[in-house]
Trainee: 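Below: one structure in structure tokens.
Positions are given from 1 along the sequence. For clarity, every value in this text was computed on a predicted model and none was experimentally measured. Values below: every heavy atom of this structure, side chains too, minus hydrogens, waters and symmetry copies.
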Amino acid sequence: MKPSRSYRVFQGVNGVVLTLVVLVTLYPFVNILARSFSGERQIRAGEVTLLPKGFNLTTYEIVFQDSMFWRNYGNTVLYTVVATAVAMVLTTCYAYVLSKKHLKGRGALVGIAVFTMFFTGGLIPNYILVTSLGLKNSVWAIALPNAISVFNLLVMKAFFENLPTELEEAAQIDGLNTYGTLLRIVLPLSKAVVATMVLFYSVSFWNSWFSAFLYMDRTDLMPVTVYLRNLIQGATGGGNAGAGTEQLSQVGANIQSVTIVLTALPILCVYPFVQRYFVSGVMLGAVKG
């Protein structure tokens, strides 16, 4: 059928509106990238928009030449991988259990999870608990206290509830136990929600800095987010030892832009590969609250 005139008008207006939304959303990222490569005078004068002006790599050179930066970057990768793996195992198992409506005490388990969304033990009790368990200065201080996000848990629970029960019944008839059914039947059918949850957890752990700042006493154990925070603090406070006055001024002018680029770039590189699972994973898991 040939599209009607009104439908063609709708498509045109829709395309224009979506293009404007993309441009408005993209502008801050392009501006940040341009500022990270611009000179101090141009940044302070507000001359930088979409293209770098007074091209300068001083801040990047200072950061990249510091061996501690690469050490902390490696820590971030390690913490993100380990913490995401732990979080996915615990969240998946908990959500799968809660998806079984015949489970005794299911309401209490859901209530316990939801309760933690609104009430926490507090900063000082958490610090005392982590310290008393001997988790300080280890990856477990970051991975275990934040292992389960209740929002992610409820999304996965709703997704598992939407899966046909006949598949699990057939698997049980074929001799699979609960773990076999989860690993060989349920998870292969849940790639969308699993990929979405991996993205959520990895972004959260990658950007997290406060837990490491709180539980890590050694600089060689810090993630890159803490390193860059300290660099911002030193540049804006004039305490960057070893840098000349001109270098310090340049670093102070665009250090925030450089920081955003360095921390966001890995996630931006990974996101396109999981984006196709993102919408379907969230929507399918959110059909039933």
Side-chain angles (χ1 to χ4, degrees), residues 1-38 46-53 80 84 87-88 91-92 95-96 98-101 110 113-114 117 149-170 182 184-207 257 260-289:
M1 262 182 89
K2 185 178 180 180
S4 64
R5 181 179 179 183
S6 59
Y7 182 71
R8 292 198 301 270
V9 171
F10 168 77
Q11 284 184 312
V13 173
N14 195 30
V16 172
V17 172
L18 291 178
T19 301
L20 292 176
V21 171
V22 170
L23 292 177
V24 171
T25 305
L26 192 61
Y27 174 78
F29 294 97
V30 178
N31 178 255
I32 287 293
L33 184 62
R35 285 169 59 91
S36 70
F37 290 105
S38 299
E47 300 176 359
V48 182
T49 52
L50 297 178
L51 296 175
K53 292 188 177 181
T80 301
T84 301
M88 285 303 302
T91 303
T92 302
Y96 184 65
L98 294 181
S99 66
K100 303 305 173 187
K101 298 181 180 180
V110 174
V114 173
M117 294 182 67
S149 167
V150 179
F151 172 79
N152 296 345
L153 173 69
L154 296 179
V155 170
M156 291 197 76
K157 165 183 167 294
F159 186 93
F160 290 150
E161 287 177 343
N162 291 330
L163 293 176
T165 57
E166 291 79 8
L167 291 176
E168 297 185 45
E169 293 173 354
L182 174 62
R184 301 180 63 178
I185 304 297
V186 175
L187 289 183
L189 296 174
S190 308
K191 293 179 181 178
V193 73
V194 169
T196 303
M197 295 302 106
V198 168
L199 177 65
F200 283 175
Y201 275 122
S202 59
V203 170
S204 175
F205 288 118
W206 182 273
N207 293 329
S257 302
I260 294 173
V261 171
L262 292 178
T263 54
L265 186 61
I267 297 299
L268 293 177
C269 293
V270 172
Y271 184 80
F273 296 99
V274 297
Q275 188 269 342
R276 63 194 182 103
Y277 298 107
F278 183 78
V279 175
S280 59
V282 173
M283 293 303 295
L284 289 175
V287 172
K288 296 181 180 179

Trainee: Please output the side-chain donor-acceptor pairs of residues 8-35 that fall under 3.5 Å, not counting sequence neighbours, one pair per line with the distance.
Mentor:
{"from": "R8", "atom 1": "NH1", "to": "P3", "atom 2": "O", "distance (Å)": "2.8"}
{"from": "T19", "atom 1": "OG1", "to": "G15", "atom 2": "O", "distance (Å)": "2.7"}
{"from": "T25", "atom 1": "OG1", "to": "V21", "atom 2": "O", "distance (Å)": "2.7"}
{"from": "N31", "atom 1": "ND2", "to": "V48", "atom 2": "O", "distance (Å)": "3.3"}
{"from": "N31", "atom 1": "ND2", "to": "T49", "atom 2": "O", "distance (Å)": "2.8"}
{"from": "R35", "atom 1": "NE", "to": "S257", "atom 2": "OG", "distance (Å)": "3.4"}

Trainee: So how far is it from M156 CE to T91 OG1, rounded to the nearest 0.5 Å?
Mentor: 7.0 Å

Trainee: Taking ring pair (Phe, Tyr, Trp, His ring centres under 6.0 Å) as the definition, give me every residue that meets it alongside F37, ordered by chain and number, with sequence neighbours left out.
Mentor: F55, Y60

Trainee: How long is the span from the OG atom in S99 to the CD atom in E161, to the nearest 0.5 Å?
Mentor: 6.0 Å

Trainee: For the pair F151 and F200, name the ring-plane relationship: parallel under 30°, tilted 30 to 60°, perpendicular over 60°.
Mentor: tilted

Trainee: With rounding to the nearest 0.5 angstrom, report the CD1 to CG distance, I267 to L199.
Mentor: 7.0 Å

Trainee: Going by the rule side-chain contact (heavy atoms from CB on, under 4.5 Å), which residues pair with A87 if we only count those two or more places apart in sequence or in a different chain?
Mentor: Y201, F205

Trainee: Is there side-chain contact between L98 and L153, with at least one heavy-atom pair below 4.5 Å?
Mentor: yes

Trainee: What closest approach, in Å, do T84 and T80 show between heavy atoms, and which atom pair accounts for it?
Mentor: OG1-O, 2.6 Å

Trainee: Looking at residues at least two apart in the chain, or sitting in another chain, which of them share a side-chain contact (heavy atoms from CB on, under 4.5 Å) with S4?
Mentor: S6, Y7

Trainee: For the OG1 atom of T92 and the CE atom of M197, what is their distance to the nearest 0.5 Å?
Mentor: 9.5 Å

Trainee: Search all heavy atoms of T263 against all heavy atoms of W206 and return the closest pair with its distance.
Mentor: O-NE1, 2.8 Å

Trainee: Listed by chain and number, what are the side-chain hydrogen bond (donor to acceptor under 3.5 Å, both in side chains) partners of S190, not counting sequence neighbours?
Mentor: none

Trainee: Kindly compute the distance separating NZ (K53) from CG (L50), expressed to the nearest 0.5 Å.
Mentor: 10.0 Å

Trainee: Can you tell me how far apart CG (L182) and CD1 (I185) are? Round to the nearest 0.5 Å.
Mentor: 10.5 Å

